[in-house]
Amino acid sequence: MLQVAYLRNHKDEAIALLAKRNIDASEMVNMAIALDEDRRAIQTELDAIKSEANKISKDIGGLYKSGEIEKANQLKTRSAKLKESTKILENDLNTKKQDLAELLYKIPNVPNTIVPAGNTEDDNEEIFRKGDVPKLSETALPHWELAKKYDIIDFDLGNKITGSGFPVYKGQGAKLQRALITYFLDKNTAAGYTEYQLPHLVNEASGFGTGQLPDKEGQMYHVTADNLYLIPTAEVPATNMFRDTLLNERDMPIKVTGYTPCFRREAGSYGAHVRGLNRLHQFDKVEILRVEHPENSYKALDEMVEHVKGILDELKLPYRILRLCGGDLGFTSALTYDFEVYSTAQRRWLEISSVSNFETFQANRLKLRFKNNEGKNEFCHTLNGSSLALPRVLAGLLENYQTDNGIKVPDVLVPYTGFDRIS
RNA sequence: GGAGAAAUGGCAGAGUGGUCGAAUGCACCAGUCUUGAAAACUGGCGAGGGUCACACCUCCGGGGGUUCGAAUCCCUCUUUCUCCGCCA
């Protein structure tokens, strides 16, 4: 969430930049500032009363020691009265605090100045494109047909066991999946990211820390018996490792990578765009995450983008990079680059990675700070990205590498799969 | 699942009703010494709110209670450790 102090000091800037998301935030921002002022006024009043009560308590202690019981009892009466008035003020204060917090949860992150204005994904700005789209024969198939033809993914079996969106990978398909995960992790660790194995269920505090709660509760699977949530991305457990943390400046940068399955309810998504591997309820993803000094976070974002480019170059997949417009930008992000791989048979781009800088938006919720050189505590910047999301990479591989004689395995993956062709 | 013990500043660890926001050690910061570093010595050093700055307020796992006054007593929840049971 945004810091009230920022809104107070940069009100016009915040409203102007939030307008890139096609929202008029002026009312919310003004309300937040007003609530904060109310809060402080009540706090001041309450503090004065408490101060007096504290003083009386100390005096009573002294009076008891010197045996002046009568005087002490008089002060007790006064103290009881003060206590009554604090109760009312405390209630007011808590109400204001809660109202302010709830309002702040509703305000999305302020977009970076270079975020293009725009409404939909059509307004995203393509900043890079690489790789040739292969000329496929007339008989070229979409990945779900290929999966069936070579018997490597069984969607029906997943339907039977669980429901739609839970595919079963089989034989060479399962092996290729495992190969990709290992390959991605190897690339990430080679780039200095430390590998973690993280829990796949998280508690409420963690969901809240990264911003899935309270806004997107409906998108997560909720295990009500234990009040835990299945993770929609490794971002949630990985980022929450740093909840309530005070770092030293030299501890940064922190670079984390981890593989996890991801679970998403995807309520309300149907139709052709969710066929095959395009949109699943359970999928695998390797994530990279960084905790950075505010001054370095945009350099770190560029590094992450370059890193993901390197992987796609090695896989020799046609891809492009988009700078997301305000309307398409995630709630918590200040700047996001999406990577899309071209699905030749579907003739459309599939998002396979999203690399974002959250600046202090998550750190504020997480209370993730560092002690700067002046000894003051400052919020860190957090960033994360996929490196990479498996199903759509797999879709891209199957479709782009299909031949009349099976599906070729990219050279870089052969050491991991142990075979160079799916047939 | 049952029984017991515990949870204190970045970390370790004292503190069982009244100058305790909290001893001490480590870590950290500044200085002295040194060519430089280490060591040693001197000083500083929890967090949040508030203020121009002070004052002041809050915080000893979370929540509630007793009391004029709670880190300290009571209730409750959570987590950790030990023992027992069960189990991949």
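Per chain, numbering begins at 1; letters A, B, ... match sequence-line order.
- Nucleotide A38(B) has no partner under the Watson-Crick or G-U criteria, as no pair reaches both atom distances under 3.5 Å.
- Nucleotides C60(B) and G10(B) are separated by 16 Å at their C1' atoms, to the nearest Å.
- Nucleotides A40(B) and A53(B) have their C1' atoms positioned 38 Å apart, rounded to a whole Å.
- Nucleic acid contact class of Lys83(A) (heavy atoms, under 4.0 Å, all strands): base.
- In terms of position on RNA chain B, the residue among Asp36(A) and Ala53(A) whose nearest nucleotide sits closer to the 5' end is Asp36(A).
- The nearest whole Å value for the distance from the CZ atom in Arg40(A) to the P atom in G50(B) is 6 Å.
- Taking atom C1' in both G21(B) and U72(B), one finds a spacing of 14 Å when rounded to whole Å.
- In this entry the distance linking CG of Leu246(A) with P of C29(B) reads 14 Å, nearest Å.
- Donor-acceptor pairing under 3.5 Å, judged by distance alone, is present between the side chain of Asp47(A) and the base of G49(B).
- Taking the C1' atoms as reference points, C87(B) lies 29 Å from A7(B), given to the whole Å.
- When rounded to the nearest whole Å, the span between CZ of Phe370(A) and P of C29(B) equals 15 Å.
- Residue Arg78(A) is out of contact with every strand shown, counting any heavy-atom pair closer than 4.0 Å.
- Ranked by how close their nearest RNA chain B nucleotide is to the 5' end, Lys55(A) and Arg39(A) are led by Arg39(A).
- For Tyr64(A), whose side chain is taken as the heavy atoms from C-beta onward, the closest listed nucleotide among C57(B), G10(B), C68(B) is C68(B).
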For residues 159-175 of chain A, please give each side-chain donor-acceptor pair under 3.5 Å, one per line with the distance, not counting sequence neighbours.
{"unit_1": "Asn159(A)", "atom_1": "OD1", "unit_2": "Ser164(A)", "atom_2": "N", "d": "3.2"}
{"unit_1": "Lys170(A)", "atom_1": "NZ", "unit_2": "Asp151(A)", "atom_2": "OD1", "d": "3.3"}
{"unit_1": "Lys170(A)", "atom_1": "NZ", "unit_2": "Asp151(A)", "atom_2": "OD2", "d": "2.8"}
{"unit_1": "Gln172(A)", "atom_1": "OE1", "unit_2": "Ser423(A)", "atom_2": "N", "d": "3.4"}
{"unit_1": "Gln172(A)", "atom_1": "NE2", "unit_2": "Arg421(A)", "atom_2": "O", "d": "3.1"}
{"unit_1": "Lys175(A)", "atom_1": "NZ", "unit_2": "Thr417(A)", "atom_2": "O", "d": "3.1"}

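- Heavy atoms of other residues, nucleotides or ligands lying less than 6.0 angstrom from CD of Glu121(A) number 12 at most.
- Across all strands shown, A22(B) forms no Watson-Crick or G-U wobble pair with both distances under 3.5 Å.
- The phosphate of A47(B) (OP1 or OP2) has a side-chain N or O of Lys371(A) nearer than 4.0 angstrom.
- To the nearest angstrom, C1' of G48(B) lies 13 Å from NZ of Lys50(A).
- Across G10(B), G18(B), G48(B), the shortest atom-to-atom separation from the side chain of Arg369(A) is found for G48(B).
- The distance between atom CZ of Arg243(A) and atom P of U78(B), rounded to the nearest whole Å, is 17 Å.
- Residue Asn54(A) has no polar side-chain atom (N or O) positioned under 4.0 Å from OP1 or OP2 of U19(B).
- Among the nucleotides G18(B), U51(B), G48(B), the one closest to the side chain of Asn377(A) is G48(B).
- Rounded to an integer number of Å, the gap from CZ of Arg250(A) to P of G10(B) is 15 Å.
- Nucleotide C28(B) forms a Watson-Crick or G-U wobble pair with G44(B), both donor-acceptor distances falling under 3.5 Å.
- C60(B) is unpaired under the criterion used here, namely a Watson-Crick or G-U wobble arrangement in which both key atom distances are under 3.5 Å.
- Base pairing analysis places A71(B) opposite nothing; no Watson-Crick or G-U wobble pair with both distances below 3.5 Å involves it.
- Summarising the base pairing, A5(B) is matched to U80(B) through a Watson-Crick or G-U wobble pair whose two defining distances lie under 3.5 Å.
- No hydrogens or angles considered: a donor-acceptor pair under 3.5 Å links the side chains of Arg290(A) and Tyr193(A).
- Nucleic acid contact class of Ser57(A) (heavy atoms, under 4.0 Å, all strands): base.
- Aromatic ring centres of Phe361(A) and Tyr6(A): separated by at least 6.0 Å.
- For the P atoms, the distance from A71(B) to U79(B) is 25 Å, rounded to whole Å.
- Between Asp99(A) and Lys96(A) there is no salt bridge, since none of the side-chain N atoms of the basic residue sits less than 4.0 Å from a carboxylate O of the acidic one.
- Using a 4.0 Å heavy-atom cutoff across all strands shown, Thr44(A) reaches no nucleic acid atom at all.
- Taking atom C1' in both G17(B) and C68(B), the straight-line distance is 12 Å, to the nearest Å.
- Of the N and O atoms on the side chains of Arg243(A) and Ser206(A), at least one donor lies less than 3.5 Å from an acceptor on the other residue.
- Atom pair Lys97(A):NZ and C59(B):C1' shows a separation of 11 Å (rounding to whole Å applied).
- For the C1' atoms, the distance from C29(B) to U82(B) is 41 Å, rounded to whole Å.
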Q: Any chance you could lay out the side chain to side chain donor-acceptor pair (under 3.5 Å) test for Asp284(A) and Gln177(A), step after step, and finish with the verdict?
A: CA-CA 9 Å; Asp284(A) 294 301; Gln177(A) 188 84 348; 2.9 Å; yes
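- Nucleotides U16(B) and C11(B) are separated by 23 Å at their P atoms, to the nearest Å.
- Remark: Asp12(A) pairs with no residue by the side-chain contact (heavy atoms from CB on, under 4.5 Å) rule, at least two apart or across chains.
- Summarising the base pairing, U51(B) is matched to no nucleotide, lacking a Watson-Crick or G-U wobble pair whose two defining distances lie under 3.5 Å.
- Atoms CG (Asp226(A)) and P (C77(B)) sit 16 Å apart, rounded to a whole Å.
- Here C87(B) sits opposite no nucleotide as a Watson-Crick or G-U wobble pair (both hydrogen-bonding atom distances under 3.5 Å).
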